[in-house]
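Because the structure is a prediction, the values reported are computed rather than measured. Quick note: residue numbers are just sequence positions, from 1. When reading the values below, keep in mind they use all heavy atoms of this one structure, side chains included, and skip hydrogens, waters and symmetry mates.
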Amino acid sequence: MSELSVQLPDGSTRTLPAGTTGAGLAASIGRRLAKDALAVQVNGQLTDLSSPLPDGAAVAVVTPDSDLGREVLRHSTAHVLAQAVTRLWPGAHYAIGPAIENGFYYDFELPGDAHFTDDDLAVIEAAMRAIIAEDQPFARSEYSIDEGLELFKDQPYKVEIIRGVATGTAAEEDLDEVASGSVVSAYANAGGFVDLCRGPHVPSTGRLGHFTLTRVAGAYWRGDEHRPQLQRIYGTAWESDAALAAHLHMLAEAEKRDHRRLATELDLLSFPSELGGGLAVWHPRGGIIRKEMEDYSRARHLTGGYEFVVTPHLTNKRLYETSGHLSFYKDGMYPPMELDNGTYYMKPMNCPMHCLIFKSRARSYRELPLRLFELGTVYRYERAGTLHGLMRIRGFTQDDSHIYCTEDQLQEEIAFLLEFVMSVLRAFGFTDFTANLSTKDPNKYVGSDEIWEKSTDALRLALEKFGLPYQIKKGDAAFYGPKIDIDVRDAIGRTWQLSTIQCDFNHPERFELEYVGADNQRHRPIMLHRALFGSIERFFGVLLEHYAGNLPTWLAPEQVRVLGVRDDHDEYARAVVAELRAAGVRSVHEEASEPLGARIRRAKLEKVPYIVVVGGEDVTARTVGVNARGTNDPDRAVALGDFVAAVVDEIAAHGAPEDE
């Protein structure tokens with residue numbers, strides 16, 4: 001065959017000489033693309049530019065300003081990091097170095113049990129830039145398992161990965177080291193540095209450079225505290241200096257907004273060491289915010305046609321044998337408790353118990369859709385090295401709903417759920433939504449092709465009905481049904497995956513759930529899992545970071561602080577507080593035992609929405625001076641009744657002073 005044909009993303013085809021590589025395809029399209037190309041995507045698989053193209057393939061050229069292009073840049077920069085570290089610390093062991101969201105990392109074990117310091121980052125960066133200036137090619141080779149073990153015999157973590165591949169016990173992240181079957185691949189750079197990797201990589205190190213190393217951390221190998229603790233270096237890499245600068249600005253903002261820092265500064269919650277990792281206690285100020293969140297959730301579910309249920313925190317193992325969780329989720333569950341009447345587990349999810357509620361009596365089609373809702377606390381084992389404030393925690397409360405409906409109700413119910421989810425998220429200040437639609441893995445699923453197709457179409461049509469941008473994740477669904485994941489964008493541009501609508505064809509079968517239809521016959525319901533916040537704890541953390549602690553007035557633990565200019569104004573200040581409290585406004589009086597300026601500064605640091613100052617003229621006229629958060633221009637001589645009414649209206653509207 002002297003020619004080959006490939007299909008481009010725009011649907012057109014291009015005929016090329018046999019043996020043409022990805023680089024050759026880019027050059028045939030244009031000079032600019034040839035210059036920008038980093039890799040190619042062939043039938044959905046990322047491949048090096050130097051690889052020959054197969055005939056009939058669907059091919060897309062990957063450039064730096066795309067998500068895939070950034071992934072390649074970051075992965076290649078991680079390899080340069082490993083090369084630099086082994087230059088600076090001969091004998092260092094290097095473990096894994098993946099691209100991650102917005103960056104990369106690499107894990108190392110240094111000789112003599114040495115540890116990186118923050119000062120080392122500049123030295124390592126300089127070594128990386130020297131490697132980049134050398135414009136070293138990334139040369140790919142493939143090896144048998146035995147050859148790979150010999151090549152990396154002095155790198156114990158690489159040897160462990162290769163052996164895992166050989167025995168079929170490789171961790172999921174290790175599959176990136178496999179070329180195909182029992183073949184491992186490696187990339188060599190100048191100076192004898194070789195790294196185990198499936199690839200692809202940029203053609204040469206000269207294509208890199210817009211990066212910085214950000215921090216050093218400890219990380220257990222495999223996230224297992226019983227394995228060696230390695231030294232992890234994080235970095236970020238982008239397609240341009242401008243993109244890098246924008247990201248570093250976002251990181252600086254994110255550090256200011258870190259929910260762990262804000263929770264401490266604002267006295268909201270803590271993680272006492274006496275409790276163990278991943279378990280929080282809520283202080284009064286955090287507790288009132290949580291109460292407002294939960295009260296709003298309950299009120300919306302009540303008006304949304306949901307039935308409230310409550311389930312216990314532990315259960316006999318038989319429940320999770322029936323649900324199947326003991327077969328496929330046991331590693332995420334806490335160890336069993338052997339009691340006098342059986343083996344019990346702390347519950348990691350609420351859905352099996354909701355199935356028992358459905359099954360507790362005969363059900364008619366007239367009861368469907370049946371929407372069960374619970375603020376249910378669950379417990380999941382997370383390795384110590386993966387815990388992260390409220391974002392990754394061991395005990396948390398899900399705003400969990402399970403809906404049981406007929407096939408005919410599926411389309412309408414999914415649309416209802418999606419509208420409900422977005423409406424509630426908007427009430428908390430999120431307006432920018434995107435979604436992912438996960439579809440069937442053709443090799444791993446339960447249920448008929450017909451019901452999968454019908455459910456997937458129902459999810460897709462709901463997304464399109466509400467104009468929600470979405471991406472399709474082919475084959476990414478769990479084996480028991482397709483799903484929608486809803487992401488929100490926060491105030492500094494980060495995306496957070498929050499809500500899920502998941503079809504489930506498995507639980508109704510395992511629990512033998514049935515309803516009597518209009519035909520007087522028994523039928524299986526379809527089950528829908530719906531998490532809105534995801535968990536109260538994680539959503540709370542996201543909210544804190546989104547608002548940088550400046551929560552809208554309805555959520556603020558203290559909505560108004562009242563200050564007298566002098567101590568002889570305190571009596572009137574207390575009367576102002578009494579009137580605010582009578583109207584349902586959370587307000588506090590701070591006595592004039594310190595200078596007024598110091599008290600105002602403290603209230604601002606505590607992010608109180610309204611600071612009210614009263615002096616002699618206010619006492620006489622029954623007025624107040626209002627310092628709204630976010631402004632340096634106080635309103636003087638505001639009638640007390642008018643101020644109280646305005647705050648009450650703002651709370652009812654879920655507003656904030658900054659909205660004015």
Pair Thr553-Arg629, side-chain donor/acceptor within less than 3.5 Å: no
Give me each pair satisfying salt bridge (Lys or Arg N to Asp or Glu O under 4.0 Å) with a member in residues 416-434, each pair once, sequence neighbours excluded. Asp432-Arg489
For the pair Arg70 and Asp67, find out whether any cationic side-chain nitrogen is under 4.0 Å from an anionic carboxylate oxygen. yes
Under 3.5 Å side-chain donor-acceptor pair for Arg290 and Thr397: yes
Rounded at 0.5 Å granularity, tell me how far CG in Leu266 sits from CG in Leu268. 5.0 Å
Measuring from atom CG of Leu459 to atom OG1 of Thr439, what distance do you get when rounded to the nearest 0.5 angstrom? 10.5 Å
CG on Leu437 to CD1 on Ile472, rounded to 0.5 Å: 5.5 Å
Would Tyr610 and Glu650 satisfy side chain to side chain donor-acceptor pair (under 3.5 Å), going step by step from the backbone distance to the final call? CA-CA 12 Å; Tyr610 289 99; Glu650 183 173 288; 2.7 Å; yes
Does the ring of Tyr105 carry Arg232 above it, NZ/CZ under 6.0 angstrom from centre and within 45° of its axis? yes
Non-neighbouring partners of Ala254 that pass side chain to side chain contact (heavy atoms under 4.5 Å, CB included), sequence neighbours left out: Met250, Ile492, Arg494
Pairs satisfying ring-ring contact (aromatic ring centres under 6.0 Å, His included), at least one member in residues 510-532, at least two apart: His402-His529, His507-Phe511, His507-His529, Tyr515-His523
On a heavy-atom basis, which atom in Gly549 and which in Leu262 lie closest, and how many Å separate them? N-CD1, 3.7 Å
Any ion pair linking Arg260 and Glu265 (charged N to carboxylate O, less than 4.0 Å)? no
Summary of salt bridge (Lys or Arg N to Asp or Glu O under 4.0 Å) pairs that have at least one residue in residues 497-516, sequence neighbours excluded: Glu509-Arg524, Glu514-Arg522, Glu514-Arg524
Above 12 or not: heavy atoms from other molecules or residues under 6.0 Å from CD of Glu101? no
Distance-only side-chain donor-acceptor flag, Gln398 / Ser535, under 3.5 Å: no
Under 4.0 Å between a side-chain nitrogen and a carboxylate oxygen: does that hold for Glu160 and Arg222? yes
Please identify each residue that fulfils side chain to side chain donor-acceptor pair (under 3.5 Å) with Arg366, with sequence neighbours left out. none
Report yes if the side chains of Lys317 and Tyr344 come closer than 4.5 Å at any heavy-atom pair, otherwise no. no
Who are the side chain to side chain donor-acceptor pair (under 3.5 Å) partners of Glu579, not counting sequence neighbours? Arg622
Rounding to 0.5 Å, atoms OG (Ser499) and CG (Asp485) come to a distance of 9.0 Å
Counting the benzene-type ring for Trp, do Phe505 and Tyr480 have ring centres under 6.0 Å apart? no
Is the shortest side-chain heavy-atom distance between Phe416 and Arg371 below 4.5 Å? yes
Roughly how far, to the nearest 0.5 Å, is the NZ atom of Lys483 from the CG atom of Asn436? 9.0 Å
Would you mind checking if Lys454 and Asp457 are paired as a salt bridge, meaning a charged N to carboxylate O distance below 4.0 Å? no
Between Glu292 and Arg586, is the salt bridge (Lys or Arg N to Asp or Glu O under 4.0 Å) condition met? List the steps. CA-CA 12 Å; Glu292 290 287 352; Arg586 293 188 290 275; 2.6 Å; yes
Is any side-chain N of the basic residue among Arg392 and Glu382 closer than 4.0 Å to the acidic one's carboxylate O? yes
How about Tyr445 and Asp449: does a side-chain donor come under 3.5 Å of a side-chain acceptor? yes
Sequence neighbours left out, what passes side chain to side chain donor-acceptor pair (under 3.5 Å) with Glu71? Give chain and number order. none
Would you mind telling me which of Trp496, Phe540, Phe430 makes a ring pair (Phe, Tyr, Trp, His ring centres under 6.0 Å) with His546? Phe430
Of all pairs that satisfy ring-ring contact (aromatic ring centres under 6.0 Å, His included), the ones with a partner from residues 359-387, not counting sequence neighbours: His301-Phe373, Phe308-Phe373, His313-Tyr379
My understanding is that only residues two or more places apart in sequence, or in another chain, count here; which of them pass side chain to side chain donor-acceptor pair (under 3.5 Å) with Asn506? none
Nearest atoms (heavy-atom pairs only) where Gly541 meets Leu390: N-CD1, 4.1 Å
Contacts of Tyr334 that satisfy ring-ring contact (aromatic ring centres under 6.0 Å, His included) - sequence neighbours left out: none
In terms of side-chain geometry, is the basic nitrogen of Glu453 or Arg460 positioned less than 4.0 Å from the acidic oxygen of its partner? no
Pairs in or reaching into residues 328-347: which pass salt bridge (Lys or Arg N to Asp or Glu O under 4.0 Å), with residues at least two apart or in two chains? Lys347-Glu374
Taken in chain and number order and not counting sequence neighbours, the residues that satisfy ring-ring contact (aromatic ring centres under 6.0 Å, His included) with Phe428 are Tyr296, Phe533, Phe539, Trp554
